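Heads up, the thing below is written out as structure tokens.
Quick note: numbers below take in every heavy atom, side chains included, and nothing from hydrogens, waters or symmetry partners. Proteins come first, then strands; the chains are lettered A, B, ... in the order of their sequence lines, and each starts at number 1. All figures in this text were calculated on a predicted structure; none of them were measured in a lab.
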Amino acid sequence: MPEGHTIHALAARLNRTLGGERLAVSSPQGRFAADAALLDGRPLDQATARGKHLFIDFEDLILHVHLGLIGSFHVKHAVQYDSPGTPARLRLEGRSHVAELRGPMICALVDEEDRQSVLAKLGPDPLHRPDQDTGALRSWDRIARSRKAIADLLLDQSVVAGVGNVYRCEVLFRHRIDPFTPGKELGRVLWERVWNDLVILLPLGMAFSQILTMQDQVDAAAEMVADGSSLSITEALTGERLGDHFERRFHTYKRTGQPCDRCGRIVREQLIGGRTLYWCPGCQRRRRR
DNA sequence: ATCATATGCTAAT
DNA sequence: TTAGCCTATGATA
């Protein structure tokens, strides 16, 4: 679940459901018990997301969370006592809602200096407003200098922050880019198209709590956001969309062996940088810029 | 019951 | 490049 859109939706939801309240903080699982005690009874001032990192400010204390591959951070109504399976690493309880963190890669108290050093290592985030206009150029700076494959660079959080394996595979397909194209051979104009697409796709993913990359779904979702017809303000801002979702459909992600929906060639997979890349060898060919 | 896999990332080799 | 970490889930036995 966790690419950038998930973390941004989570930050917004934490602010909406627990923001400003003094919380009962605990570590049912025990591994975070000492730090949880320090947070207990403090007000949650602000939750902030950048890329896949989440920072929660409790007055002068900062909680740094990264979900990694399998982490989850569920926010639910306090009346629903049913805690699933294993005890949570961290539990935040407010008047109306409870948030439970499980399996995070990072859950630690940090200071402002630590936070800044994390942020300094991140590339532009398509979900961070100030980055949206300048991000194409900043990331291009890195890409244009690299001989690494663009598929590799897209997962490098210091190049672009927040993109994970699904968005990388799908956005490369959407622009018919050969994943193995070296960064320096991609071309600035093509990269700008990719960046601008990410600036549209990630916020939609955040609003709908779902990665949407099929154009018909992207169009439908964008229209819902634009006219606000079936999407409440809250949903648009926090990704708090219970119930109906779009059908789960992708161009290449996890479609190995199936025919490409555009050209019919068989979708392939290959490990690159320890992650499974999915792509269509027909649509995604090397091209001259 | 057991195994493989997962929308991440780091440290060790 | 690989091992390791953290947990949930779906496939396989």
Side-chain angles (χ1 to χ4, degrees), chain A residues 1-11 27-33 35 49-54 63-74 76 82-91 99-108 110 114 117-123 125-127 148-149 151-174 179 198 201-214 217 239 241 245-257 267 269-279:
Chain A
M1 303 204 105
E3 296 193 27
H5 69 297
T6 305
I7 312 306
H8 279 74
L10 177 56
S27 177
Q29 180 215 45
R31 287 179 53 174
F32 195 64
D35 287 331
R50 194 76 88 251
K52 298 169 189 168
H53 293 263
L54 176 69
L63 178 63
H64 178 203
V65 171
H66 191 301
L67 295 181
L69 184 60
I70 58 166
S72 68
F73 207 160
H74 296 298
K76 58 191 184 177
D82 57 317
S83 280
T86 58
R89 176 80 57 88
L90 171 71
R91 178 182 163 91
E100 289 188 328
L101 173 68
R102 288 182 174 75
M105 190 178 76
I106 297 172
C107 173
V110 299
D114 299 326
S117 93
V118 169
L119 294 180
K121 287 174 197 140
L122 295 178
D125 177 352
L127 274 159
K148 284 188 186 168
D152 225 345
L153 293 168
L154 271 172
L155 287 187
D156 183 337
Q157 301 297 297
S158 71
V159 174
V160 179
V163 170
N165 202 22
V166 180
Y167 277 119
R168 98 155 153 177
C169 296
E170 293 288 302
V171 84
L172 286 172
F173 178 90
R174 281 169 63 87
L198 292 172
L201 294 179
L202 287 247
L204 278 184
M206 176 182 167
F208 289 85
S209 295
Q210 185 179 1
I211 297 177
L212 301 172
T213 61
M214 305 294 286
Q217 297 183 328
R241 203 176 147 76
H245 276 238
F246 285 90
E247 179 194 355
R248 183 181 161 88
R249 271 196 281 136
F250 296 119
H251 291 287
T252 62
Y253 183 72
K254 287 240 176 138
R255 293 198 63 246
T256 307
V267 172
E269 72 169 64
Q270 180 174 322
L271 228 50
I272 168 168
R275 312 298 304 286
T276 309
L277 168 78
Y278 303 86
W279 86 103

Minimum heavy-atom separation for Leu201(A) and Arg174(A), please, with both atom names.
CD1-NE, 3.7 Å
Looking at residues at least two apart in the chain, or sitting in another chain, which of them share a side chain to side chain donor-acceptor pair (under 3.5 Å) with Asp35(A)?
none
If I take atom CG in residue Leu202(A) and atom P in nucleotide dT7(B), what distance separates them, rounded to the nearest angstrom?
16 Å
Within the 4.0 Å heavy-atom criterion, would you say Gln29(A) contacts the bases, only the backbone, or no part of the nucleic acid?
sugar-phosphate
CG of Leu90(A) versus C1' of dT7(C): gap in Å, rounded?
16 Å
What is the distance, rounded to the nearest whole Å, between atom OH of Tyr167(A) and atom C1' of dT7(B)?
10 Å
Contact class for Gly164(A) (heavy atom, under 4.0 Å): base, sugar-phosphate, or nothing?
sugar-phosphate
Contact summary for Cys169(A) and Thr276(A), nearest pair of heavy atoms:
SG-O, 4.2 Å
Protein-nucleotide distance (Ile70(A), atom CD1; dT7(C), atom C1'), rounded to Å
4 Å
With Tyr278(A) via ring-ring contact (aromatic ring centres under 6.0 Å, His included) - residues at least two apart:
Tyr253(A)
From CG of Leu198(A) over to C1' of dT7(B), roughly how many Å is that when rounded to an integer?
14 Å
Kindly give the atom pairs (protein nitrogen or oxygen, nucleotide nitrogen or oxygen) under 3.5 Å for nucleotides 2-5 of chain B.
none

Counting heavy atoms from C-beta on, name the nucleotide in dG8(B), dA6(B), dA8(C) closest to the side chain of Arg102(A).
dA8(C)
Taken in chain and number order and not counting sequence neighbours, the residues that satisfy ring-ring contact (aromatic ring centres under 6.0 Å, His included) with Phe32(A) are none
Taking OP1 and OP2 of dA8(C), is either one under 4.0 Å from a side-chain nitrogen or oxygen of Thr86(A)?
yes
The criterion is side chain to side chain donor-acceptor pair (under 3.5 Å); which residues satisfy it with His66(A), sequence neighbours excluded?
none
Touch check for Arg31(A), heavy atoms < 4.0 angstrom, all strands: base, sugar-phosphate only, or nothing?
sugar-phosphate
Using the C1' atom as the point on both nucleotides, what is the distance between dT10(B) and dA8(C), in whole Å?
22 Å
With sequence neighbours left out, write down each residue that passes salt bridge (charged side-chain N to carboxylate O under 4.0 Å, His left out) with Arg255(A), or none if nothing qualifies.
none
Restricting to nitrogen or oxygen on both sides, can you table the protein-nucleotides 9-13 of chain B pairs closer than 3.5 Å?
residue, atom, partner, partner atom, Å
dC9(B), OP1, His66(A), NE2, 3.3
dC9(B), OP2, Lys52(A), NZ, 3.1

Report the distance from atom CG of Leu10(A) to atom C1' of dG8(B), rounded to the nearest whole Å.
16 Å
Which atoms form the tightest heavy-atom contact between Gly51(A) and Ile7(A), and what is the distance?
O-CB, 3.9 Å
Side chain to side chain donor-acceptor pair (under 3.5 Å) against Gln29(A), all qualifying residues, sequence neighbours excluded:
Arg89(A)
According to side chain to side chain donor-acceptor pair (under 3.5 Å), who are the partners of Asp152(A), at least two apart in sequence or on a separate chain?
none
When rounded to whole Å, the CZ to P distance for the pair Phe73(A) and dG8(B) reads 19 Å
Can you check the distance between dC6(C) and dA1(B), where both ends of the measurement are the P atom (answer in whole Å)?
23 Å
Roughly how many Å is it from CG in Leu277(A) to C1' in dA6(B), rounded to a whole number?
16 Å
